[in-house]
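Right, one structure below, let's go through it.
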Amino acid sequence: MTGILTSSEDFELARPWRLTDAADWDSYLLDTAVLLADARRTYDAVQARMFHPEDFVDFCLLHRLDPAEPAARDRYLVNPPLQTQLLRYQGEDLSGDFVPRLVRARESGLTLRHIELLLDDGDPAEDVAPRVRRAHQRGAELFRRMLVGAGFGAYRFLCAVEAPGGRLEAEARILHWEDGVVRVNDEDLDLVCAVLCAGLYRELPGAALMHGSQGSAGACGEYRQVAWAWQSDGLGYTPAAVRLDDVAAEPGFSLGSVC
């Protein structure tokens with residue numbers, strides 16, 4: 001497992017800690033790509049997470065560690081609450097694909113940690129696991145119905161839940177092929193289902209929106225731009241006009257009519 005700086009600004013902030021011998025940001029990316037390639041040849045699995053300088057400083061202050069000490073970096077990288085930020089490296093282009101995914105994984109990990117706190121009722125006498133599982137199943141089924149109802153195409157899915165401590169948000173890019181196969185990153189799928197689960201479990205208001213190009217290659221290349229949305233009162237999602245992330249959408253199809 002390794003931590004990777006994800007911007008030239010973060011590279012400059014981390015210089016005093018001597019994380020790397022690279023002279024500049026471009027050299028750092030090249031060195032890191034070589035390091036990851038070597039690690040893949042040596043180990044069965046290679047994992048990485050974003051090395052976030054501000055998070056690292058906060059972690060060191062909390063645990064009274066010296067940021068310049070290698071032991072501090074090691075403890076920061078293996079910190080259990082941050083394991084949700086880990087991604088498996090499988091040879092992707094570093095700057096074009098993997099680094100942006102590391103940034104999203106950090107944001108998603110923080111959201112998942114927030115969700116964990118919301119799902120913990122703090123009552124050791126009550127087993128909340130069955131209720132959480134039911135809420136997660138309901139959230140996953142809602143997402144499935146939205147995908148099935150949308151049909152073939154390329155979409156962007158957004159959802160948000162108004163929660164204590166701040167809004168929960170998730171996003172996923174989706175390719176729905178003619179043969180019924182759906183392509184979506186696993187980490188994005190997990191976060192979407194977790195956000196929907198938290199909203200339903202705590203009965204919090206929320207919204208979901210799907211927009212993109214509907215159509216299939218088998219339909220003579222005929223595509224149309226669509227934008228559908230649903231709103232939740234905390235108990236379930238119904239069609240409604242919604243704006244999320246500056247995208248305005250009309251009321252979506254009835255989820256109850258989708259098998």
Side-chain angles (χ1 to χ4, degrees), residues 81 84-85 103-123 126 128-151 153-176 182-212 214 225-259:
T84 52
Q85 298 181 19
V103 175
R104 292 199 303 273
R106 172 186 174 268
E107 296 169 352
S108 298
L110 294 175
T111 300
L112 287 170
R113 181 60 179 158
H114 186 177
I115 290 171
E116 288 176 4
L117 296 175
L118 289 172
L119 299 182
D120 182 5
D121 286 346
D123 184 358
E126 182 183 4
V128 301
R131 291 171 51 209
V132 171
R133 282 196 297 269
R134 287 194 296 270
H136 193 276
Q137 290 167 355
R138 287 180 61 202
E141 176 63 14
L142 281 169
F143 187 45
R144 186 194 71 81
R145 287 174 180 262
M146 292 173 186
L147 293 180
V148 171
Y155 306 103
R156 177 177 176 235
F157 180 84
L158 304 166
C159 63
V161 168
E162 304 302 331
R167 171 183 276 198
L168 303 173
E169 296 179 321
E171 174 180 344
R173 299 280 181 172
I174 301 156
L175 289 176
H176 191 172
V182 176
R183 301 294 186 191
V184 56
N185 284 334
D186 290 341
E187 63 266 24
D188 294 337
L189 176 61
D190 291 343
L191 185 62
V192 164
C193 291
V195 169
L196 294 174
C197 165
L200 294 169
Y201 178 79
R202 293 290 299 266
E203 299 184 356
L204 301 169
L209 184 153
M210 182 179 293
H211 70 105
Q214 183 191 44
Q225 295 300 307
V226 297
W228 299 298
W230 300 265
Q231 203 160 37
S232 173
D233 58 1
L235 301 176
Y237 283 76
T238 56
V242 167
R243 175 181 287 271
L244 282 177
D245 196 27
D246 292 329
V247 177
E250 63 185 22
F253 43 86
S254 173
L255 299 176
S257 65
V258 179
C259 297

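The shortest distance between side-chain heavy atoms of Gln214 and Tyr155 falls below 4.5 Å. Counting only heavy atoms from C-beta outward, the side chains of Leu118 and Pro164 approach each other to under 4.5 Å. The side-chain heavy atoms of Glu250 and Trp228, taken from C-beta on, include a pair separated by under 4.5 Å. In this structure the side chain of Phe157 never reaches within 4.5 angstrom of the side chain of Asp188, judged on heavy atoms.
The heavy-atom pair separating Leu244 from Ala207 by the smallest distance is CD1-O, 4.0 Å. Of all heavy-atom pairs between Ala227 and Ala248, the closest is CB-O, 3.8 Å. Nearest approach of Leu235 to Ser232, heavy atoms of both residues: N-OG, 4.0 Å. Between Ala198 and Leu204, the shortest heavy-atom contact is O-CD1, 4.2 Å. In terms of heavy-atom proximity, Ala170 sits nearest to Val195 at CB-CG2, 3.9 Å. Ala150 approaches Met210 most closely through the heavy-atom pair CB-SD, 3.5 Å.
Note that CG of Asn185 and CG of Leu191 are 12.0 Å apart. Values are rounded to the nearest 0.5 Å. Note: Leu255 CG to Arg144 CZ = 10.5 Å, rounded to the nearest 0.5 Å. Rounding to the nearest 0.5 angstrom, the gap separating the CG atom in Asp190 from the OG1 atom in Thr84 is 10.5 Å. With rounding to the nearest 0.5 angstrom, the CG atom of Leu168 is 11.5 Å from the CG atom of Leu110. Taking CZ of Arg133 as the start and SG of Cys197 as the end, the distance is 11.5 Å to the nearest 0.5 Å. With rounding to the nearest 0.5 angstrom, the CD atom of Glu107 is 12.0 Å from the CG atom of Leu112.
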(request) Go through the steps for Glu169 and Asp245 under the test side chain to side chain contact (heavy atoms under 4.5 Å, CB included), then give the verdict. (result) CA-CA 10 Å; Glu169 296 179 321; Asp245 196 27; over 6 Å; no
(request) Applying side chain to side chain contact (heavy atoms under 4.5 Å, CB included), run through Arg156 and Val247 and close with a yes or a no. (result) CA-CA 11 Å; Arg156 177 177 176 235; Val247 177; 3.9 Å; yes
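In this structure, Arg113 pairs ionically with Glu116, as a charged nitrogen and a carboxylate oxygen lie closer than 4.0 Å.
A perpendicular orientation is assigned to the rings of Trp230 and Phe253, their planes being inclined by more than 60° (bins at 30° and 60°).
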